[in-house]
Amino acid sequence: MVLVFETDGEIIMTTLETQPGELIDIGVNLTNKRLLTNIDQVLQQATEVNVTKLIVTGTSIEHSKIAVELCNQFPDQLFCTSGIHPHDAKEWDQDSLQQLKSLASLDCVKAIGETGLDFNRDFSPRNQQIDVFQQQLELAIEYKKPVFLHQRDAFDTFITLLQENRDQLKNVVSHCFTDNKKALYKLLDLDCHIGVTGWICDERRGQELQKLVKDIPSNRLMLETDAPYLLPRDLPEKPAGNLNLPKYLPHILQTVARLQNKETHILAAETLSTTKQFFEI
Ligand SMILES: [Zn+2]
């Protein structure tokens, strides 16, 4: 915030540090051992910078169950998603759907996912990724929950599946968006939300997203760290072990605010309201 005073015809400008305000990190891999072993400290440090709530990402049945346990342990601070990541699609068996259904019915499970397609790493066969993605879209429709989506190098197949199911789905977020303008516009056309991570702070890989972020309407933009992955590359001090943490979310907020030419506390308030509406929290 810039304050302007006038004394004896002289104009004095003062910049006040405005507290960014409450934030919610919509994607934290808190079940990852690197975060789980220090969970009290991780959550404490997030609270200190006003990151008041975290959505724990469920990436497999096992990790989704741990995520639910964490929500029970920290009910004021944590919510979670539950689902099977495309990397883990090969683990799908006849028991999986039933297990996902019992997870989906829990109150702390605010979205189905992380699900989607990853043809970059191909850790699971593509036809199995497609099948497991489709089943989870149907699950989200049945349980009337939002979906938390991952996509890498699979946009055409991904958007086709999404298109076919979109009118029955509730809210949809493409988490950790790193794609091009065409992909962004197609997602916005389908009324999807966009999750932005510290990828945007990368001076090389993040260039395209830095230009595009202005085109994301504030009622469709949400922020996430994807911790412990994707440490913002331009932090003033490099943390030990390159470990990304939810406490760096305000840094991502500031970067987006600068690129959108907006005051940080305004962007904070907008993304907070968008996030609460999206996850119904
Ligand atoms: Zn992902």
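Whatever order the structure lists them in is the order used to number ligands and atoms, beginning at 1. We count residues from 1, following the sequence as given.
- Among Q151, H150, R152, H85, the one residue that satisfies the side chain to side chain donor-acceptor pair (under 3.5 Å) test with D118 is H150.
- Legend: protein N/O/S atoms lying under 2.8 Å from the Zn ion (ligand 1), waters omitted, number 3.
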Could you list the donor-acceptor pairs under 3.5 angstrom formed by side chains in residues 192-202, with sequence neighbours left out?
| unit_1 | atom_1 | unit_2 | atom_2 | d |
| --- | --- | --- | --- | --- |
| H193 | NE2 | N219 | O | 3.4 |
| T197 | OG1 | W199 | N | 3.2 |
| W199 | NE1 | R205 | O | 3.3 |
| D202 | OD1 | R204 | N | 2.9 |
| D202 | OD1 | R205 | N | 3.0 |
| D202 | OD2 | R205 | NE | 3.3 |

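- If you check the side chains of E138 and N165, you find no donor sitting under 3.5 Å from an acceptor.
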Could you pull out all donor-acceptor pairs under 3.5 Å where a side-chain atom in residues 230-241 meets a protein atom, sequence neighbours excluded?
| unit_1 | atom_1 | unit_2 | atom_2 | d |
| --- | --- | --- | --- | --- |
| R233 | NE | E203 | OE1 | 3.4 |
| R233 | NH2 | E203 | OE2 | 3.0 |
| D234 | OD1 | H251 | NE2 | 2.7 |

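- Take T160 and apply the side-chain hydrogen bond (donor to acceptor under 3.5 Å, both in side chains) test, not counting sequence neighbours, and it matches no residue.
- Side chain of S64 to main chain of G83: a donor-acceptor pair is present (N/O by atom type, distance under 3.5 Å, no hydrogens or angles).
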